[in-house]
Number of protein chains: 2
Amino acid sequence: MAARGGVRAEQRAQTRRVLLRESRRLFASRGYGAVGLAEIVRASGVTKGALYHHFDGKADLFRAVLEEAQQEVGRRVAEAAERHPDPWDQLTAGCREFLAASTDPELQRIMLVDGPAVLGWSEWRAMDEAASARHLTEALAELVAAGVVAPQPVAPLAHLLSGAMNEAALWLAADAGPGDLADTWAALERMLDALRATPAAAPRV
Amino acid sequence: MAARGGVRAEQRAQTRRVLLRESRRLFASRGYGAVGLAEIVRASGVTKGALYHHFDGKADLFRAVLEEAQQEVGRRVAEAAERHPDPWDQLTAGCREFLAASTDPELQRIMLVDGPAVLGWSEWRAMDEAASARHLTEALAELVAAGVVAPQPVAPLAHLLSGAMNEAALWLAADAGPGDLADTWAALERMLDALRATPAAAPRV
DNA sequence: CCTTTCGCGTACCATCGGTATGTCAAAACC
DNA sequence: GGTTTTGACATACCGATGGTACGCGAAAGG
């Protein structure tokens, strides 16, 4: 009579959720290298046998945590962008939301610091692209197609902007001055504005 | 009669140099986490006793390697900038040199990927600031003072640009398309140019 | 019922970073 | 120049870590 999937599958999903939640909390607070599997399974109320039944190892567990976090941020960015009809407003709103979301210290260390080091930059980049950076690339491509932004390869632009926002988020979370967020956003907005102020005076759409 | 410092100090310096050279090579090629102390000391022709006599541990050895690499890049950036009398040319030349230097795969993993994860972002940032990012901050401050760049806090700007260049360097080294470097530099130069195209039409110096 | 499956616990292992101590030659001293 | 001291290592060892092999017991399937 148990819920859909049987009591068996429910317990399995429950264990996996707890493992992800606790390891995410520990990885975020003390970093991947400083957290041992023993501590994770103790906090989760299970044993290493359970962990290795769900994941291929410590790095694979981290990968699952990272993917979850990235998709949360990607969803937030997409939702913020969708609230605006104009493509340009979608870009700026998405960037603003990304900056806000990435400043969360609970996500930051996992997404921006340990992610590339644990999985390697290429894999981290592919995951980030699939989850959130994709929205940036698509928004830029759309603006180029509409003539709002000067014709140019969007990939380099997307990487430059993505890197700029990642570093800015890390700085804001670490050195947290009162007006720093506003100053950073102002500087970033100037950079974005420069994209559409082309010498050929491209028409607004 | 031995050279300055005695045969004793010479041997010590030699051992330290070998340790730094081999660990740097191994860290660069396979990453901090995947390289064990046993492999480092074997490649260096010494034992763990020697390593722990020179460094406080694995992280401290990595710190020394990172510092060396960062100062090399910082020196290259400074030299490239000093070849130009005009402050604006100094900025662009420095950025261009940084991009070129950071694309080296031998330095990249240590400086941009493992650095923040092993030492923590704050310490990594402080070291990077002292070695190379300082030049960026100083150049921007000078341009603001000269009225070339619109008056604004330089710290957010420096972080945005630094992050943009770091990410671009990682992308270029990984996905290495033929025209990507030129495209990236063109996009970055447009960003920089936007800084001096202020609505108030600031005078060139 | 009886068998199979599978989610997980237990026991164990190799290797890791790190430490304590020994050793022997260069330096310092008288 | 003999003695003592210093210091740059090597050796031996330790606890903890990530990872593996295997056992168990309850749910799923017939």
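Just so it is clear, the structure is predicted and the values come from calculations on it, not from any experiment. Sequence lines set the chain letters: A, B, ... in the order given, protein chains first and strands last, and positions in each chain run from 1.
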Between [atom2] on [N] and [atom1] on [X], what's the gap in Å once rounded to a whole number?
X       : N      : atom1 : atom2 : answer
B:Glu10 : D:dG7  : CD    : C1'   : 16 Å
A:Gln14 : C:dC8  : CD    : C1'   : 14 Å
B:Phe55 : D:dC9  : CZ    : P     : 11 Å
A:His54 : C:dG9  : NE2   : C1'   : 13 Å
B:Asp60 : C:dG18 : CG    : C1'   : 13 Å
A:Lys58 : C:dC16 : NZ    : P     : 15 Å
A:Leu19 : C:dG7  : CG    : P     : 14 Å

Side chain of [X]: nearest nucleotide among [options]?
X       : options               : value
A:Val7  : D:dA28, D:dC9, C:dG17 : D:dA28
A:Tyr52 : D:dC9, C:dT19, D:dT20 : D:dT20
A:Arg8  : D:dG25, D:dG7, C:dG18 : D:dG25

Identify, residue by residue, the members of residues 27-51 of chain B with a heavy atom below 4.0 Å from DNA chain C, and return them in order of residue number, or none.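 Within residues 27-51 of chain B, the residues near DNA chain C are B:Val35, B:Gly36, B:Leu37, B:Lys48.
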Does A:Thr15 place a side-chain N or O at less than 4.0 Å from the phosphate oxygens OP1/OP2 of C:dG7? no
Can a salt bridge be assigned to the pair [X] and [Y] using a cut-off of 4.0 Å between side-chain N and carboxylate O?
X        : Y        : value
B:Glu72  : B:Arg76  : no
B:Asp128 : B:Arg125 : yes
A:Arg21  : A:Glu68  : no
B:Arg75  : B:Glu79  : yes
A:Glu39  : A:Arg42  : no

B:Phe62: what forms a ring pair (Phe, Tyr, Trp, His ring centres under 6.0 Å) with it, not counting sequence neighbours?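 With sequence neighbours excluded, B:Phe62 shows a ring pair (Phe, Tyr, Trp, His ring centres under 6.0 Å) to B:Phe27, B:Tyr32, given in chain and number order.
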Contacts of A:Asp56 and B:His53 projected onto DNA chain D by closest heavy atom; the upstream (5') one is B:His53
Pick one: which of A:Leu181, A:Leu172, A:Asp183, A:Leu188 meets side-chain contact (heavy atoms from CB on, under 4.5 Å) with B:Pro156? A:Asp183
